[in-house]
Every structure is written in structure tokens, then in C-alpha cells.
Amino acid sequence: MLTFLPISATFVANNDKETPIPDRTAIVTYKSVPAGELSELGADTRFVYNEGWTETIACALPATQRDHYYRNGLIPFFEHLGPEGWLRGRQARAGGTAVQDDFGLLLNYGADCIGAVGILEPDGSRLIAPAEPNVIEEAAALPGRTLSGVQKKLLAFRGEKGFEPCIRASDPATHIAKFNREDLPTLVQNEDLSLELGREILGDAEITKAKPAVLAGIEGLALLVERFDRVDDEKLRLEDFAQILGKPRGREFDGKYHSSYEEAATVITRFSARARIDLARYFRLVVFNLVLGNADAHLKNFSLLETSEGLRLSPAYDLINTLVYPDYERTAALEIGNAKRAFDTLDRALLEALGAAIGLPAPEIKRSLDTLAKGFSGAKTLEFSARIQPDDFRIAYREIIRGNAGRIFA
Ligand SMILES: Nc1ncnc2c1ncn2[C@@H]1O[C@H](COP(=O)(O)OP(=O)(O)OP(=O)(O)O)[C@@H](O)[C@H]1O
Ligand SMILES: [Mg+2]
């Protein structure tokens, strides 16, 4: 048990004067029922389960320990519920909090997060959304809802007008709409193609359901990703690997890169209800990402999902061939064999060693690599019409995959 420190106030510099911010508290809900209390104690934070509550709400916060104390920051599990890049800027501005203030962001926007855990103001108050100039900003600033991830995204649902962004508290957030970036106009198409390739090679059930569609009132195509952590009105537990490993997000949001594919696999060994099966699924997914050319398969892009048999590796999401974008990282997101590896150095021996290190038997590793090799070489998803333009991004997309597959499966 961690020691309890006295409550103090936090001081921040403000125009050369020191302004005290009173320590804050929040109600933590699990499947919309209050399960505990989160509080700030100076720079530290503490989560305490409510008396009588017995169910564990997160792998990193076992209920056998009633009191979880964390020094110098917000407990990573909660930190990772908050928004990153695009959405963080908007929710910080609309809610009047500092961009780095995770606690404040969660009090305003954390009532309904990804997964089963939510954050509420202890007095039941709710932020009143300021007027916004357009529907995108309005949806981003809707109080009581947030999600992690760097890219431009909104919560959405299928309404009377087709897909619509959630702009009212009563709109069911059944989908995540992901948009192109001005500097990356093929992002939606890339992810759609990569998910389709994943379905063909790994199987339908292994990949999140998603399709490109227009969102009412918003120009251009978005990728509408169906949430698997919502079944009708029920919130299913969904925890990403950064949350489970308790990795602080980092000031630059780089905590999710400070790990290895071997360390990530320990999440499955420790918490999956079917560890042997899920380790093999995880191995195939990691290799798929490496052949795909996804340099962004970091800890938050793997999760455990609540199922009828317990926590299991969730379907794959956020699959993108990032190597088609020349300005992007050329190394894999996580270490393999104690080093960050450039894609052009990945080979079969390294991946066989990875498989062995995470505990897979040699015949299983061989079978997985052979099946993947066959899947990539015969992939119908990579057969494009003869009329495809030479500058179509899919030409480079396929070349990168063929290069990676050639090296990795040789
Ligand atoms: N189908 C899904 N069902 C439930 N939750 C999902 C689903 N897809 C993604 N998520 C959650 O939403 C988060 C953000 O989604 P996603 O990773 O697609 O966004 P991103 O902005 O592209 O991420 P990144 O920061 O890795 O680029 C994920 O980390 C995961 O927690
Ligand atoms: Mg992601």
C-alpha cells in the first residue's frame, strides 16, 4: 500500500504571481455506476475504490488494493482516457483548461470515454458548451465525451440523415469518424484499404468494422469506425496497452512509444482470458503491421476488450501504411530485440526471435509466418484496376508492402 500524503494546494505561475489551484476530486464511474473517487494531492493523484465496490475497473487498478497512489502526475490509466492532438486542443480551449491539464479535461469531457470508465464532477455540474462556428467544432466541444488518439476524429452515429456527428448529449456515440488531414489527403483511403487487407489476411473477426462515408454537414469522406466497446447501451471494458502497463503519457505524448513488442505481449500473458490463443493472434497482428509498413503501431493501438469469457485481445484498429508518407518515421514504433528497428532491416530471423521471446512454440511461429506470407502474396485487396494512375498512392502503398514482405518472409 502506498503512503498517504497530506492534502496541499498546487501553485502555478500566472503573470509572475502564484495562483493556487485547489486540489480537485472526481467521481469515477464504471459502466455508468460510481465506483470510486479520484483526487489530486498537490502534484500527486490518488484513486480510492468506494466502500463495498468489489469489481476491478482496470488492470492497473486491481480492487484487491483499495487505494492507488501515484506521484507527480495523474495515474496513467486516467491520463490515457484523455484526448491527444487535434481533439485535445479543441476541448482545452472550449472547456477553458490548460492543454496539459488532463484532470480538468476529464472533468469536462470524461463522463463517457472509450471503454467502461468515466469521470464526473463531484457536484454533478456539467460544462456549458460555448457557441461554435461550425458543426465540426461543435461536435469536438460537446461536453461529457472524449477519446484518445492524435488524428482528427469525432464521435458519430447513424441517424435519420445517414451518419451524423454527435452534437447532443443524447446522441449515441456508436462510431468514431476519422478524417483526412490537409497534408495527408489519402489517410482515410489508406486506413480503409489497410483494414480491408487485414480482413483478407487475418480474417474478418480480427479487424474492426469500418467504412468510408460522408457525415451529415461535413465535407469530404470520413472513415466511420464501428465501436466494439459499445453493445446497445452497455459499455464494455476496453483498455489499451499503455494503460495496462501504466506508462505515463509523457509531456510530448510519447510514452506510448517507450516499450517493445515483447513487453506489450506481457499484457496478454498476464490479463487475457485465453493467453495462448491471443499471443498467437497478437504475433500475427504485429507481423501484419510490420509488413503493412505501419510505423505507428504503438502501445495505444493494441487493447484488451471485455468479452463473455473475460478480457481478450480486441479486434485490430488504426491500421495504416505510414511509410507511404515520406516525412513519417522509418522505424517501427516499438522495440524488437532491445532496439528500435528500421523497416529495411526487418527480416524473418528477427521476427522468429520475437515470436520465441513472447513464448510461442517454434512450429506456431513458422505456421503464422507462412500463412501471412501466402496471404500477402495472393492478396486480392492489392489487385488494382489496370487503369490506376501511376501517381495514385496505392502504387507506392503496394510497392512498400511487397518490399517488406520480400525481406520478412524470405
Ligand atoms: N473500433 C473501435 N472500438 C472502440 N474503440 C476504438 C475503436 N477504434 C479505436 N478505438 C479507440 O479510440 C482510440 C483512437 O482511435 P485511433 O487509434 O483509430 O485514432 P488515431 O488518432 O488514428 O490514433 P493515433 O494517435 O495512434 O494516430 C484508440 O486508441 C482506441 O482506444
Ligand atoms: Mg491510434
Side-chain angles (χ1 to χ4, degrees), residues 58 76-91 109-110 112-117 140 145-157 172-181 183-184 186-192 194-195 198-199 204-212 222-231 234-245 247 249-250 252-257 259 264 267 285 289 292 294-307 311-322 325 328-329 332-334:
F77 171 80
F78 296 108
E79 215 177 28
H80 283 290
L81 293 177
E84 298 171 79
W86 185 87
L87 190 58
R88 173 168 288 248
R90 278 160 180 76
Q91 295 196 328
Y109 295 97
D112 188 8
C113 297
I114 293 290
V117 172
R145 286 221 173 107
T146 198
L147 79 164
S148 68
V150 173
Q151 301 305 329
K152 179 176 174 182
K153 299 186 288 303
L154 294 174
L155 290 158
F157 68 107
T174 54
H175 289 72
I176 299 168
K178 302 184 72 175
F179 298 91
N180 279 322
R181 256 170 49 179
D183 59 331
L184 300 178
T186 58
L187 214 50
V188 167
Q189 211 187 340
N190 187 332
E191 186 165 353
D192 181 41
S194 304
L195 293 171
R199 289 184 196 105
D204 246 12
E206 295 296 322
I207 310 290
T208 189
K209 294 194 176 86
K211 62 176 179 190
L223 187 70
L224 270 295
V225 179
E226 193 176 313
R227 286 177 66 181
F228 43 66
D229 63 332
R230 292 291 178 272
V231 177
E234 197 191 354
K235 295 179 176 180
L236 299 182
R237 187 168 157 189
L238 181 69
E239 298 179 50
D240 71 49
F241 284 18
Q243 290 181 301
I244 297 173
L245 290 169
K247 297 275 179 192
R249 73 158 161 82
E252 306 296 327
F253 299 87
D254 53 354
K256 61 196 177 195
Y257 296 109
S259 184
V267 165
L285 178 55
N289 269 298
L292 174 66
N294 186 3
D296 208 31
H298 51 68
L299 290 176
K300 292 182 71 62
N301 285 332
F302 297 91
S303 291
L304 293 186
L305 172 66
E306 177 187 346
T307 71
L311 293 175
R312 298 288 310 272
L313 181 66
S314 81
Y317 54 89
D318 205 9
L319 302 179
I320 295 178
N321 176 341
T322 61
Y325 306 119
Y328 216 87
E329 210 45 66
L334 302 182

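Start at 1 and go down the list; that is how both ligands and their atoms are numbered. Throughout, numbering of the chain's residues begins at 1 and tracks the sequence. Everything quoted here is computed from the prediction, not taken from an experiment.
In the candidate list Val225, Thr174, Leu187, Leu238, Leu238 is nearest to atom 5 (N) of ligand 1, counting heavy atoms. If you check each of Asp296, Val150, Leu81 against atom 25 (O) of ligand 1, the one with the closest non-hydrogen atom is Val150. Nearest-heavy-atom check against atom 10 (N) of ligand 1 across Ile176, Leu147, Leu87, Ile207 picks out Ile176.
Interface atoms of ligand 1 facing Lys178, defined by a heavy-atom separation under 4.0 Å, are 16 (P), 18 (O), 19 (O), 20 (P), 22 (O). Within the listing of ligand 1, atoms 29 (O) sit less than 4.0 angstrom from a heavy atom of Lys300. Proximity to Asn301 (heavy-atom distance under 4.0 Å) selects the following atoms of ligand 1: 17 (O), 26 (O). Set against the non-hydrogen atoms of Ser148, the atoms of ligand 1 under 4.0 Å away are 13 (C), 14 (C), 29 (O). Atoms of ligand 1 lying under 4.0 Å from any heavy atom of Thr208, numbered from 1 in the order shown and given with element: 1 (N).
Ionic pairing of Asp318 and Lys178 is present here: one or more N-O contacts between side-chain nitrogen and carboxylate oxygen are shorter than 4.0 angstrom. Ion pairing of Asp112 with Lys235 is present here, as a side-chain N (NZ or NE/NH1/NH2) and a carboxylate O approach within less than 4.0 Å.
Contact detail for Ala140 and Gln91: the closest heavy-atom pair is O-NE2, 2.9 Å. Taking every heavy atom of both residues into account, Arg227 and Cys113 meet most closely at NH2-O, 3.6 Å. Between Ser303 and Tyr317, the shortest heavy-atom distance links the atoms OG-OH, 2.7 Å. The minimum heavy-atom distance between Leu238 and Ser314, with the atom names listed, is CD1-CB, 4.1 Å.
Using the six-membered ring where Trp is involved, His298 and Tyr257 have ring planes that are perpendicular, over 60° apart on the 30 and 60° scheme.
For Tyr317, every heavy-atom contact with ligand 1 shorter than 4.0 Å involves the side chain, none the backbone. At a 4.0 Å heavy-atom cut-off, ligand 1 does not touch Asp240 at all.
For the residue pair Glu226 / Thr208, no side-chain donor-acceptor distance below 3.5 Å is found, with atom types taken as modelled. A donor and an acceptor atom, one from each side chain of Tyr325 and Asn190, are located under 3.5 Å apart.
For residue Asn301, an N/O/S atom approaches the Mg ion (ligand 2) to within less than 2.8 Å.
When each of Gln151, Lys152, Lys153 is checked for a side-chain contact (heavy atoms from CB on, under 4.5 Å) with Phe179, only Lys152 meets the rule.
Taking any N or O of Asp318, backbone or side chain, at least one lies under 3.5 Å from an N or O belonging to ligand 1. Residue-to-ligand polar distances keep Glu191 apart from ligand 1: every N/O pair is separated by 3.5 Å or more. Taking only nitrogen or oxygen atoms, main chain and side chain alike, Ile114 does not reach within less than 3.5 Å of ligand 1. Considering backbone and side-chain atoms alike, His298 places an N or O below 3.5 Å from some N or O of ligand 1. For the pair Glu226 and ligand 1, the shortest N or O to N or O distance falls below 3.5 Å.
No other N/O/S atom of Asp318 lies as close to the Mg ion (ligand 2) as OD2 does.
Residue contacts with ligand 1 do not include Ser303, since none of its heavy atoms lies under 4.0 Å from the ligand. Remark: distances from the non-hydrogen atoms of Arg230 to ligand 1 are all 4.0 Å or more.
Atom 3 (N) of ligand 1 has its closest protein heavy atom at Phe228 N, 3.0 Å. In terms of protein heavy atoms, atom 4 (C) of ligand 1 is closest to Asp229 OD1, 3.3 Å. Among all protein heavy atoms, the one lying closest to atom 15 (O) of ligand 1 is Lys153 CE, 4.0 Å.
Lys211 contributes no side-chain N or O that, together with a main-chain N or O of Asp192, makes up a donor-acceptor pair within less than 3.5 Å. Under a 3.5 Å cut-off, the side chain of Asp229 and the backbone N or O of Gly115 do form a donor-acceptor pair.
The shortest side-chain heavy-atom distance between Leu236 and Leu305 falls under the 4.5 Å cut-off.
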